Amino acid sequence: MDLFAGPGGLDIAATIMQVKSIGVEWDDATRATRDAAGLHTARIKDVAELSPCDAEVVDANVLTGGPPCQSFSVAGNRKGHKALEDVKRLATRLTAHEDLASFEAAWEAVREETDKMSDERTGLVLQPLRWIMEAKLKREKPYDVVVLEQVPTVMPVWKHYAELLRGVGYAADAHLLHAEDFGVPQTRRRAVLIAQWDPEHTDRTVEFPKATHQRYRKGVVRLPRQTHASDLAPRSDGALFPAPVGTIAPWVAMQDVLHASRPEDFVMVSNYGSGGDPKKRGRRTSQEPAATITGKVRRNRLFHLKEAESGAMEVGEELDRLTFEEAGLLQSFPARYPWRSTDVAQQIGNAIPPLLSLHILGSALRLGRPGRALAEALAAWEPEHKGTPAVAEV
């Protein structure tokens, strides 16, 4: 059961793992993409209007989601800090109940308060907790596993949620994951909560996925194709996991996934988030992972990177900007993912990378690290109607 499902970053990963899934999605354009990809989407669009007891979703035993958290995700913003504290306070009120009547009274009071807030997204962050508590008290069948993910600034919320969930029967924790640690050709960080129903052992450790690829840092040399973990210097960069036992792969570079359309070296220049100051524009070569792919990905400019007579690399002519297919590849979506409508860049930018989702679900469902076969199956995935064209560029 995937709340706020988007174009299917978690759902397509579940599909590759042969785990049945259904998503809830509000946006019609995004629903069109999901439909073209053959993903199941609930008829009711609004997470708040659906419940774990509805016939369409009643059999789900796993709950996932990435609720919108922009109302409190800006560091140093006084309104954002207040929204954060409001969410933590209201979340505590929702989970301190052993019977349905008490919970429903609390939910009604919480909903009345959030309806009066200036930013409705603050209330949406509480929806996963409503689903969790209704599954336990109303459906009388708790979710076996819960996975929530969002941008790093949401980590205080997930940590608070984990503490609350331990009080209602879950082993739970939250960690920060780096997408390039798992083979995604992009540096993207996600705050991830994993909770597993285990009322007798709520204090046990929850295992998170361990890195399979090299962490990217500016100026760091890319590893050879295979490097034994014992050859690596100790990691002092604050990484969540130590180098895995056995081998660790180099980071996956942009050109590794864009080689068919861009066989020559290039440099990508971020043309947004710089306030017009060229010095603040990030630059990555094709031998590095992309910077975080956002809904403004089409503003990135690409230039040919060629060798000068001196042997140094220099920037040459400007190239065509990224296509939607290429932007999707940098998010680890399959090349043939059937993007739909005119807001495709926003769909891609808002999604969680499917390859990262494979690793998160593998840990959350206690299935172990996904093997190479699953990653290859994800990359090779095609919609059933292979002749259906992808969305036109705009």
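Predicted model, so just to flag it, every value in this text is computed and none were measured.
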Derivation and outcome, side-chain hydrogen bond (donor to acceptor under 3.5 Å, both in side chains), residues T292 and Q186
CA-CA 6 Å; T292 301; Q186 173 195 174; 4.8 Å; no

Hey, is [X] close enough to [Y] for a salt bridge, meaning N to O under 4.0 Å?
{"X": "D181", "Y": "K210", "value": "no"}
{"X": "R89", "Y": "E113", "value": "yes"}
{"X": "R366", "Y": "E207", "value": "no"}
{"X": "R139", "Y": "E134", "value": "no"}
{"X": "R166", "Y": "E163", "value": "no"}
{"X": "R190", "Y": "E149", "value": "yes"}
{"X": "R204", "Y": "D198", "value": "yes"}
{"X": "R43", "Y": "D35", "value": "no"}

Looking at K138 and M133, would you say the former's side chain and the latter's main chain have a donor-acceptor pair under 3.5 Å?
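A pair under 3.5 Å: no.
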
Q214 vs V220 side-chain heavy atoms within contact, under 4.5 Å:
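A side-chain contact under 4.5 Å exists here.
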
Determine whether D28 and K45 make a side-chain contact, defined as any pair of heavy atoms from C-beta on separated by less than 4.5 Å.
yes

Give a yes or no on this: more than 12 heavy atoms of other residues, nucleotides or ligands lie within 6.0 Å of atom NE2 of H40.
no

Within the supplied structure, the quantity of interest is the number of heavy atoms (other residues, nucleotides, ligands) at a distance under 6.0 Å from E317 CD; does it exceed 12?
yes

Counterpart residues, ring pair (Phe, Tyr, Trp, His ring centres under 6.0 Å), relative to [X] (two or more places apart):
{"X": "Y161", "answer": "W158"}
{"X": "Y170", "answer": "W197"}
{"X": "W381", "answer": "Y337"}

Parallel, tilted or perpendicular, judged at 30° and 60°: which one describes the rings of H97 and F103?
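Ring orientation of H97 relative to F103: perpendicular.
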
Would a line drawn from the ring center of Y143 to the ring center of W131 be shorter than 6.0 Å?
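Between W131 and Y143, which both carry aromatic rings, the centre distance is not below 6.0 Å.
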
With a 6.0 Å cut-off on ring centres, are H175 and F208 close enough?
yes

Distance, nearest 0.5 Å, that separates CG of L361 from CE of M17
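Interatomic distance, L361 CG to M17 CE, rounded to 0.5 Å: 5.5 Å.
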
